[in-house]
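One structure is given here, and the rest of the page talks about it.
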Number of protein chains: 2
Amino acid sequence: MLRTREGLRPGDHVARVGDDFRGLFAVRAGCFKSYVIDMDGREHVKGFHLPGELMGIEGISVGRHATNITALENGVICDLRYDELLRISAREPSLQEHLLRLFARRIAEQTRRTGDYSADEKMAAFLLDISMRYAERGRAAELLDLFMARRDIANYLSLATETVSRVLTRFQKRDLILVNRKRVKLLRIERLREIAAALTDAG
Amino acid sequence: MLRTREGLRPGDHVARVGDDFRGLFAVRAGCFKSYVIDMDGREHVKGFHLPGELMGIEGISVGRHATNITALENGVICDLRYDELLRISAREPSLQEHLLRLFARRIAEQTRRTGDYSADEKMAAFLLDISMRYAERGRAAELLDLFMARRDIANYLSLATETVSRVLTRFQKRDLILVNRKRVKLLRIERLREIAAALTDAG
DNA sequence: CGATAGGTTGACGGTTCTCAAGGGAGGTGG
DNA sequence: CCACCTCCCTTGAGAACCGTCAACCTATCG
């Protein structure tokens, strides 16, 4: 059930839209992005995937992969064959529940992300999201390594790369963050939370 | 496991953010919307729910409802207790698989919806989405009954109500649709598909 | 060291939002 | 039954945010 694929290089593809869906992918090392190309030829970044996270869920419902998945750094992944996953979870109710909860969490995250927000709000929420995911895996929450290109961040947030650049500059001028190429240090997380508050539900 | 709640009136709430999550809701009759209020007091419409569809999935992962759900028309729903659902599906692998597929489909739909699109593209895709869901339930695909207010459509699509109004007017002037208050007739579905093509993945 | 890709910054313009006013539809009470 | 109210929808004018275009800078790599 667990096949490991090592030695993935930046730009290597783990899956492509239309590929037969055989299972999910677990990130062991490196960072990945999932994206699609629309009928107009435009790219749409759908998500970033850090070590410890699962990729490829969108493919289950139709039996084919719904996104392209590519490595942003050198990476290692694990194949989780879906038929075996189902077989095991049929005997192991706790795994079944875990799977459903996992899927449900993804739905909840996406639901939170949809909505109408300003460039500042989106950027603050994005930085905090990456920070939180770092922290969950035991890494420092204040020192981020933005492994993806500005273009990818921009695309993911539905902004122009220039806007991402400008917002980061603005945040730095306000002493909220410290930017050095792909390294970002969060100086005033509380203030960032306030800016991102629009994405936080009160009820 | 199946408790039916009838006689829901427009504005009645099925769930509120923070409510204990006990189970999902199946729409039997009427139409519903789910939404949240953010920390700034702004409303964000997260989805519309037609007869035959499930609501409340976002609440599973944290054990509390993540959205408010309210009736837009007179409605009837069914409560599906989650603990019983799990218990049954532990014995019935086909139900388990069905559930996972259902969740995965929701993830795929949301994934498709995220991205950067113009007002025309969003509106065309929205009309086609409602049309498709009508057709799936055996109703005419060309004659839509937009049971929600313009304000809700606008909010859902991250547009201003004025923009929704203008786009509909523009579509009508181009003979793509015929609008009469909440009734919309799709005259040239193919052309709408072309406009919404940006939301259709090519790979 | 030159080439290339990625990132930053500035000027300008466009799509969409905001503000404002007016028109209908439906409900309520006299 | 009609006046009146309210909510919703539509339309117009102006503004704002962000995207586009363009130039320049910086890192990386052969």
Side-chain angles (χ1 to χ4, degrees), chain A residues 9-11 31 33 38 40-45 48 70 72-74 115-127 144-174 177-184 195 198, chain B residues 9-11 31 33 40-45 70 72-74 115-127 144-174 177-184 195 198:
Chain A
R9 312 287 301 272
C31 297
K33 82 168 176 186
D38 70 26
D40 295 357
R42 291 183 283 178
E43 176 176 337
H44 296 266
V45 176
F48 300 107
T70 185
L72 295 172
E73 307 175 312
N74 293 335
D116 188 22
Y117 306 105
S118 73
D120 281 19
E121 288 165 350
K122 287 179 183 177
M123 199 65 219
F126 175 73
L127 292 173
L144 308 184
D145 191 3
L146 296 184
F147 39 85
M148 71 294 279
R150 297 284 192 274
R151 168 168 35 83
D152 289 330
I153 300 176
N155 192 315
Y156 178 66
L157 298 177
S158 297
L159 296 172
T161 67
E162 293 92 332
T163 303
V164 167
S165 200
R166 281 188 256 265
V167 172
L168 288 177
T169 303
R170 210 181 307 150
F171 279 3
Q172 175 155 284
K173 277 183 182 150
R174 287 199 257 159
I177 63 177
L178 205 75
V179 186
N180 187 317
R181 274 188 83 66
K182 294 204 186 301
R183 291 234 187 257
V184 176
I195 295 172
Chain B
R9 310 288 300 272
C31 297
K33 82 168 178 187
D40 294 358
R42 291 183 285 177
E43 176 175 337
H44 297 265
V45 176
T70 185
L72 296 172
E73 308 175 313
N74 293 334
D116 188 24
Y117 307 105
S118 72
D120 282 19
E121 288 166 349
K122 287 179 184 178
M123 199 65 219
F126 175 73
L127 292 174
L144 307 185
D145 191 4
L146 296 184
F147 39 85
M148 71 294 278
R150 296 284 192 275
R151 167 167 35 84
D152 290 330
I153 300 176
N155 193 313
Y156 177 66
L157 298 176
S158 297
L159 297 172
T161 68
E162 293 93 331
T163 303
V164 167
S165 199
R166 280 187 256 264
V167 172
L168 287 177
T169 303
R170 211 179 308 148
F171 280 3
Q172 175 154 286
K173 276 183 182 151
R174 288 198 258 156
I177 63 176
L178 205 74
V179 186
N180 187 319
R181 273 187 83 67
K182 294 203 186 301
R183 290 235 187 257
V184 176
I195 294 173

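Each chain gets a letter, A, B and so on, in the order its sequence line appears, and its residues count up from 1. Model, not experiment: these values are computed from the prediction.
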Q) Just by distance, do the side chain of B:Q172 and the backbone of B:V179 share a donor-acceptor pair under 3.5 Å? A) yes
Q | Toward the 5' end of DNA chain C, by each residue's nearest nucleotide, A:D116 or A:L168 | A | A:L168
Q: Among D:dA27, D:dT10, D:dC18, find the nucleotide with the atom closest to the side chain of B:T161.
A: D:dT10
Q.
Can you see if the side chain of A:R151 gets near the phosphate of C:dG7 - specifically, an N or O under 4.0 Å from OP1 or OP2?
A. no
Q.
If I take atom CG in residue B:N155 and atom P in nucleotide C:dC17, what distance separates them, rounded to the nearest angstrom?
A. 11 Å
Q) For D:dC8, does either OP1 or OP2 sit under 4.0 Å from a side-chain N or O belonging to B:K182? A) no
Q.
Check this one for me: any side-chain N or O of B:T163 less than 4.0 Å away from OP1 or OP2 of C:dT16?
A. no
Q. Pick the nucleotide of DNA chain C nearest each of B:A119 and A:R181; which residue has the one closer to the 5' end?
A. A:R181
Q) Does any N or O in the side chain of A:D38 come within less than 3.5 Å of the main-chain N or O of A:D40, such that one atom is a donor and the other an acceptor? A) yes
**Q.** Nucleotide nearest B:A149 (side chain, heavy atoms from C-beta), chosen from D:dT20, D:dC9, D:dT10
**A.** D:dC9
Q | Per B:S165 side chain, nearest of listed nucleotides D:dC8, D:dG19, D:dT10 | A | D:dT10
**Q.** Nearest-nucleotide pick for B:E162, side chain only, options being D:dA27, D:dT11, C:dT16
**A.** D:dT11
Q: Answer whether the closest heavy-atom distance between the side chains of B:Y156 and B:V164 falls below 4.5 Å.
A: no
Q) Any donor-acceptor pair under 3.5 Å joining the side chain of A:R166 to the base of D:dT20? A) yes
Q: Tell me whether the OP1 or OP2 atom of D:dT10 has a side-chain N or O from B:R150 closer than 4.0 Å.
A: yes
Q.
I want to verify a distance call: between D:dT10, C:dT18, D:dT11, whose nearest atom is closest to the B:T169 side chain?
A. D:dT11
Q. Can you name the salt bridge (Lys or Arg N to Asp or Glu O under 4.0 Å) partners of A:D116, sequence neighbours left out?
A. none
